[in-house]
There are 2 protein chains.
Amino acid sequence: MARPQEFDTNDALGKALQVFWDKGYEGTTLADLTEATGLSKSSLYGTFGDKRTLFLAAYDSYRAARAQQMKITFQQENARDAIALFFAKIIDDAASGSVSKGCMSTNQAVELAPHDAVIRERVESDFKLIETAFADAIKRGQEQGSIQSKQDAQLLAQMLIIAFPGLQVMVRAGASADSLEGGLNMMLSILD
Amino acid sequence: MARPQEFDTNDALGKALQVFWDKGYEGTTLADLTEATGLSKSSLYGTFGDKRTLFLAAYDSYRAARAQQMKITFQQENARDAIALFFAKIIDDAASGSVSKGCMSTNQAVELAPHDAVIRERVESDFKLIETAFADAIKRGQEQGSIQSKQDAQLLAQMLIIAFPGLQVMVRAGASADSLEGGLNMMLSILD
DNA sequence: AATATTCTGGACCAACCGGTCCGGAATGTG
DNA sequence: CACATTCCGGACCGGTTGGTCCAGAATATT
């Protein structure tokens with residue numbers, strides 16, 4: 001009955017996400033988005049609504065994907081390895097040749113969160129999710145013996161959640177993997 | 001002979017800085033700047049040049065002021081106290097009622113540094129300066145006994161320099177002082 | 001093949017962007 | 001008091017912004 005959509009909605013959302021992730025909200029123009037997705041303004045608008053709505057959709061897809069990735073990472077049997085792996089992946093991002101975009105939630109914590117309650121809520125929720133994953137992993141590690149420190153799991157998680165955006169900012173600013181690994185390992189050594 | 005400037009250049013630069021610091025580069029319009037400084041476009045332009053030049057001047061004044069503050073903080077006799085004080089000041093920023101702007105270099109690491117070599121150089125230089133101050137303080141603390149850890153001072157400094165932007169991002173995103181203190185103290189405990 | 005429906009490209013829009021410029025106001029000097 | 005000099009408000013500019021809209025192309029159904 002109707003003409004079918006010629007493009008893949010999810011694919012277009014993913015392309016838009018890459019731009020927002022890289023350039024931020026303000027730094028991204030509609031021209032950037034049409035170029036990246038290959039769509040015209042009207043298709044973009046008809047499908048996703050205005051710029052902000054598109055941004056939120058893209059950001060939410062990012063958040064869901066990252067949450068899923070994290071979940072998988074923390075399924076690692078050895079809890080201490082899981083935590084180390086989680087951070088190692090961030091640093092790997094710095095080592096890979098291409099320009100690193102860091103973590104979008106961290107970027108948004110800086111760009112929009114201070115003046116946009118909707119974004120701030122999402123950012124806080126993301127950090128909380130990670131902190132909880134840390135805390136759970138630490139408790140598990142303390143039970144299984146992979147984490148020998150008897151320190152309070154919640155406090156240890158609060159320490160790690162500070163390191164997370166720290167690393168992400170460093171990666172986005174162009175720090176080398178080498179210079180980050182040393183400091184990270186030192187911090188993780190407190191788990192032993 | 002000539003009509004004297006009616007405004008204080010440094011004062012105007014400071015006002016402009018506040019806006020850039022709060023809203024970022026892209027998020028700040030010339031209208032914001034004229035409103036904050038009370039100057040007209042032509043005065044702003046004649047005194048400081050274009051937006052980017054003004055931004056760099058404001059940013060550099062920020063960097064100089066912060067470097068000076070840091071220097072004073074690290075003059076604290078007890079090296080371990082100096083480090084703790086340095087971080088405590090960041091968290092105090094979160095506790096003070098007004099909206100926290102975080103650290104401008106951290107903000108710029110996210111906003112402009114990835115696509116602007118000039119800014120990136122400044123950001124990297126700032127982080128390096130802090131890392132060096134950490135390393136020096138740690139060595140000093142190890143000598144004087146205020147820092148008991150025998151770990152390599154450089155590695156410890158690399159750990160702390162990861163925490164720095166981490167805390168700043170958290171503060172800017174609106175984290176409470178309480179939730180940050182625990183994690184911070186845990187990290188600092190590695191110095192003991 | 002005809003048709004109804006929906007997609008899509010690009011013209012179009014008002015508002016705002018950073019930046020320029022000029023004419024008049026203000027002021028220190030002689 | 002007159003003048004040279006500098007400051008400064010705001011008009012003005014071209015380009016870009018996010019956003020709207022419509023005419024025509026494309027297609028699943030009948």
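Convention: sequence-line order gives letters A, B, ...; per-chain numbering from 1. If you're wondering where the values come from, they're calculated on a predicted model, not measured in any experiment.
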Whole-Å distance between C:dT6 C1' and A:Gln5 CD? 11 Å
In whole angstroms, the gap separating C1' of C:dT6 from CG of A:Leu39 amounts to 15 Å
Check [Y] with [X], please: is the shortest side-chain N to carboxylate O separation under 4.0 Å?
| X | Y | result |
| --- | --- | --- |
| B:Asp192 | B:Arg80 | yes |
| A:Asp92 | A:Lys89 | no |
| A:Glu131 | A:Lys128 | yes |

Which nucleotide sits closest to the side chain of B:Lys41: D:dG19, C:dT8, C:dG18? C:dG18
In residues 42-54 of chain A, which residues come under 4.0 Å of DNA chain C by heavy atom? A:Ser42, A:Ser43
Give me the residues of residues 10-33 of chain B where at least one heavy atom lies under 4.0 Å from an atom of DNA chain C, by number, or none. B:Thr28, B:Thr29, B:Leu30
How close do A:Met186 and B:Ile190 get, counting heavy atoms only, and between which atoms? O-CD1, 3.1 Å
Smallest separation among heavy atoms of B:Ala135 and B:Ala157, with atom names: N-CB, 3.6 Å
Is the phosphate of C:dT8, meaning OP1 or OP2, less than 4.0 Å from a side-chain N or O of A:Ser40? no
Taking the ring centre of each residue, are A:Phe164 and A:Phe86 less than 6.0 Å apart? yes
Please check: side-chain N/O of A:Ser61 versus main-chain N/O of A:Ala58, any donor-acceptor pairing under 3.5 Å? yes
Heavy-atom check, side chain of A:Met159 versus side chain of A:Phe134, under 4.5 Å: no
